[in-house]
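Notes follow once the structure below has been shown.
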Amino acid sequence: MEVIGKGTWIDLIAYRVVEREKSLGRPLELIRVESGLGASGIPHIGSLADAARAAAVKLALENLGYRSEFIAFSDDMDGLRKVPQGLPDWLNSYLAYPVSSIPDPFKCHESYGSHMSSMLIDAMEKCGIEFKFMSGRDAYRKGVYANQAIKILENWEKIGQAIEEITGQTKFKMQLPYFPICENCHRIYLAKATEYDRESQKVLYKCEGTEIRKRFIKGCGHEGEAKVNGDQGKLAWKVEFAARWASLDIRYEAYGKDIADSVKVNDWVADNILNFPHPYHVKYEMFLDKGGKKISKSAGNVFTPQTWLKYGTPQSLLLLLYKRIVGTRTISVEDIPNYMDEVDQLEEIYFTRKEALSMWEIKLRGLYEYIHLLKPPEKPSKHIPYSLLVQLCTIAPEGKEVEYVSNKLKQYGMIKEADEHIIQRIKLALNWSKDMHEVKREKVELSDKEKQMIKELINSLTNDPKESQQAIFQIAKKYEVEPKDFFKKLYKILLGTESGPRLGPYLVDIGLEKARTILSQAIES
RNA sequence: GGGCCUGUAGCUCAGCCAGGUAGAGUAUCGGGCUUUUAACCCGAGGGUCCCGGGUCCGAAUCCCGGCAGGCCCGCCA
């Protein structure tokens, strides 16, 4: 069997795009792919997935020998329909405002919309993804798809009929698929446009109000007109993609199953009204949050790419997104160690298995190249299991974690010197350990005898791990207590668990001063 | 009402989209670490790949039909 590109699903999509374009007879000088960047809420990992995968298809097309471009398109003309959890209440007074007209609640960007887009852009940049940015507002302002909008509005009744046939929705039989921004109250969606004037290319509207998310929002009653060629309003989603595809010559765009109906309608509009064969599509399932200990406890905390990057490398995040496209993915911070180790496994395969490969290995090597955006490193890095780093971080004395962990790694003979790469990994594992592997010391019930034993231990601790270890046994023997039980109590006090690392070395590692403090506190309570 | 996803070891899941010897982590059990019970290291057991048909030399994987759980859309975008 002949392998396409790097052998992954990404290559298969690129291949199918090219084959389809050939059969349509369209020019192949430039194959443009697109991804929409949501601008109305905090970008989820799923938002990054859409963009990262489109970027990968672009790379695959180039790898197959075609020129390609990836456009990341910010939907910043969309109105705010719901204030995301965790954002200030005053945003409620901006409901139905285009997100590009709402002040940035974080005060660092031009608008609410640009703040949200910039969070996604930040994640893309951290992953090394290259893209060409476009803003919806700019596109409307410059009249980028004025011609398409005019064609759509001229045929609005035909389209309304098609929308009913495809989705059962009858709304657009009674109004234009165009939402003017009310020039009086500056909100979108509330004004109903029922008439299109071909001569002046204007839409006549009345700001009546509408139901958004089961809540009726009253309009201001203003009657006005909006010029189609400009940013006085926007096309409804049901037709907007089509206009965008046709004017930007988009050949591929993936979509989530939540907007499947809109895509169907847009395909019809592109094919039948705009005479632009719709782009090749792939439908993907949603990402579902599984949450994770501390993370999910704070309300309204969506799983952002930034959250992932706090614990994992960009490559581990891209692995999550590129591994496969089919099927629902549930994501959790608890999975990150697995993905980190899996990246190392892929690297191992990439650098050791270069010939006589099975399809399986070809795919994995391809996957490794894609998580490096087809620019894999020349040499493998040092592999240390993430779980080991986490464990070392968990027992590391506070404030000196990186130093402690790198010293341990040296002792284990795993590294000679802690370079930048290792230190980075330790920091990620440290974040994970702090948030996910929390040491919770609860009050431990102690008998007077046990208190006495601990007091004696405090006095017998020395900087020699062996001596300290022996001290525990000697004290247990002296008080005629099973060493086992004494150890249990000590673990409980120090780590909140019933078992743990060899205590002598551990006590020395955390520092005698600190060990004594913790033990003294336990006696006092 | 329409569409989609999932079902694999006790548990959590990978493998399925391009068919080729059934995998990992965890739990369990056994062994190791010259006074611990290790969170460490080595090893073992553990499977009707949800059920039933079909295609194929060959099916966890592709097709058809069930069963069970979940998700999305249904006049917001």
Side-chain angles (χ1 to χ4, degrees), chain A residues 1-5 7-13 15-16 36 38 40-41 75 77-82 96 99 160 163-164 166-175 177 179 188-189 210-217 234-238 240-241 256-264 282-288 290 323-330 332 334-335 337-339 341-342 345 358-360 362-364 366 385 387-388 390-392 394-395 408 412 433 437 466 469-470 472-474 476-477 482-488 490-491 495 497-506:
Chain A
M1 181 179 25
E2 193 172 330
V3 175
I4 298 163
T8 69
W9 62 266
I10 300 163
D11 303 281
L12 198 58
I13 286 178
Y15 174 79
R16 287 177 183 157
S40 40
D75 285 306
M77 277 287 271
D78 285 7
L80 182 68
R81 288 152 56 235
K82 191 191 166 205
V99 292
I163 291 175
E164 187 189 5
I166 295 168
T167 70
Q169 185 184 42
T170 55
K171 175 174 174 167
F172 292 111
K173 290 182 86 175
M174 296 165 297
Q175 70 182 85
F179 296 117
I188 195 165
Y189 306 144
T210 194
E211 197 182 66
I212 295 181
R213 296 245 183 172
K214 318 249 181 218
R215 256 178 67 197
F216 189 81
I217 299 187
K234 73 183 281 284
L235 293 165
W237 266 26
K238 289 264 175 350
E240 183 176 38
F241 304 153
K257 73 173 179 182
D258 51 330
I259 59 162
D261 276 354
S262 284
V263 171
K264 261 187 224 162
V282 171
K283 179 164 73 175
Y284 56 84
E285 291 284 318
M286 309 281 93
F287 280 79
L288 302 178
K290 201 159 53 188
K323 205 171 166 181
R324 61 187 164 105
I325 189 165
V326 295
T328 308
R329 318 292 319 262
T330 58
S332 157
E334 301 185 47
D335 296 336
N338 283 340
Y339 281 92
D341 289 343
E342 198 174 336
Q345 284 164 26
S358 64
M359 189 61 216
W360 176 241
I362 292 170
K363 266 188 207 177
L364 294 180
S387 62
L388 176 61
V390 168
Q391 277 150 23
L392 290 173
T394 307
I395 60 168
K408 282 282 168 197
Y412 294 167
S433 137
H437 209 145
K466 275 184 193 162
Q469 177 81 11
Q470 277 201 15
I472 299 170
F473 279 95
Q474 279 163 7
K477 205 180 258 178
E482 277 292 315
K484 197 179 183 175
D485 296 329
F486 192 34
F487 272 106
K488 253 186 201 169
L490 292 173
Y491 282 122
L495 295 163
T497 57
E498 295 211 331
S499 61
R502 193 176 284 265
L503 273 182
Y506 178 75

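Below, chains carry the letters A, B, ... as their sequence lines are ordered, and counting in each starts from 1.
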- Position toward the 5' end of RNA chain B (nearest nucleotide), A:F473 or A:Q345: A:Q345
- Which part of the nucleic acid, if any, lies within reach of A:G256 when heavy atoms closer than 4.0 Å are counted: base, sugar-phosphate only, or nothing? nothing
- Task: Using atom CZ of A:F287 as one end and atom P of B:U6 as the other, report the distance to the nearest whole Å.
- Result: 14 Å
- Taking a pair to mean Watson-Crick or G-U wobble geometry with both distances below 3.5 Å, B:U34 pairs with none
- Candidates B:G3, B:C75, B:U36 - which lies nearest the side chain of A:K171: B:C75
- Task: With sequence neighbours excluded, tell me which residues meet ring-ring contact (aromatic ring centres under 6.0 Å, His included) with A:Y15.
- Result: none
- If you take atom types as modelled and just measure distance, does the side chain of A:K257 reach the base of B:C73 with a donor-acceptor pair under 3.5 Å? no
- Query: Applying a 3.5 Å limit to both distances, which nucleotide forms a Watson-Crick or G-U wobble pair with B:G25?
  - Reply: B:C11
- Taking the same atom, P, in B:G65 and in B:G58, what whole-Å distance lies between them? 23 Å
- Task: Using the side chain to side chain contact (heavy atoms under 4.5 Å, CB included) rule, take A:W9 and A:V326 through it: C-alpha gap first, then chi angles, then the decisive distance, then the call.
- Result: CA-CA 10 Å; A:W9 62 266; A:V326 295; over 6 Å; no
- Task: Determine the interatomic distance between C1' on B:C16 and the same-named atom on B:A60; round to the nearest Å.
- Result: 7 Å
- Under a 3.5 Å limit on both distances, the Watson-Crick or wobble mate of B:C62 is B:G54
- What integer number of Å spans the P atoms of B:U6 and B:G10? 22 Å
- Which is true for A:I4 with a 4.0 Å heavy-atom rule: it touches a base, it touches only sugar-phosphate, or it touches nothing? base
- Message: Work out how far the C1' atom of B:G23 is from that of B:C49, and round it to whole angstrom.
- Response: 11 Å
- Whole angstrom is fine here: how far is it from CD in A:E164 over to P in B:G74? 16 Å
- Query: Expressed as a whole number of Å, how far does the C1' atom of B:A9 sit from that of B:C56?
  - Reply: 29 Å
- Salt bridge flag under 4.0 Å for residues A:K238 and A:D261: no
- C1' atoms of B:U61 and B:G2, separation to the nearest Å: 28 Å
- Task: Indicate for each nucleotide in nucleotides 12-17 of chain B, in 5' to 3' sequence, whether protein heavy atoms under 4.0 Å reach the base (B), only the sugar-phosphate (S), or nothing (-).
- Result: --SSSB
- Task: Can you tell me, in whole Å, how much space there is between the C1' of B:C5 and that of B:G46?
- Result: 29 Å
- Measure the distance from CD1 on A:I217 to C1' on B:A77 and round it to the nearest whole Å. 13 Å
- Is there a side-chain contact between A:D78 and A:K234 (heavy atoms, below 4.5 Å)? yes
- Looking at every strand, decide which applies to A:L503 at a 4.0 Å heavy-atom threshold: base, sugar-phosphate, or nothing. base
- Query: Quantified in whole Å, what is the C1' atom distance between nucleotide B:U21 and nucleotide B:G15?
  - Reply: 14 Å
- Query: Using purine N1 to pyrimidine N3 plus N6-O4 or O6-N4 for Watson-Crick, or N1-O2 and O6-N3 for G-U wobble, each under 3.5 Å, what pairs with B:C71?
  - Reply: B:G3
- Query: Using centres under 5.5 Å plus planes under 30 degrees as the test, is A:F487 stacked with B:U37?
  - Reply: no
- What does A:K283 touch in the nucleic acid at a heavy-atom separation under 4.0 angstrom: a base, only the sugar-phosphate, or nothing? sugar-phosphate
- Item | Contacts of type side-chain hydrogen bond (donor to acceptor under 3.5 Å, both in side chains), residue A:K408, not counting sequence neighbours | A:D509
- Message: Regarding A:G168, tell me which of base, sugar-phosphate or nothing describes its non-hydrogen contacts under 4.0 Å with the strands shown.
- Response: base
- A:Q474 or A:S387: which one's nearest nucleotide on RNA chain B is closer to the 5' end? A:Q474
- Query: Base, sugar-phosphate alone, or nothing: which one does A:K173 contact when heavy atoms must sit under 4.0 Å apart?
  - Reply: nothing
- Whole-Å distance, A:D258 CG to B:G2 C1', equals 15 Å
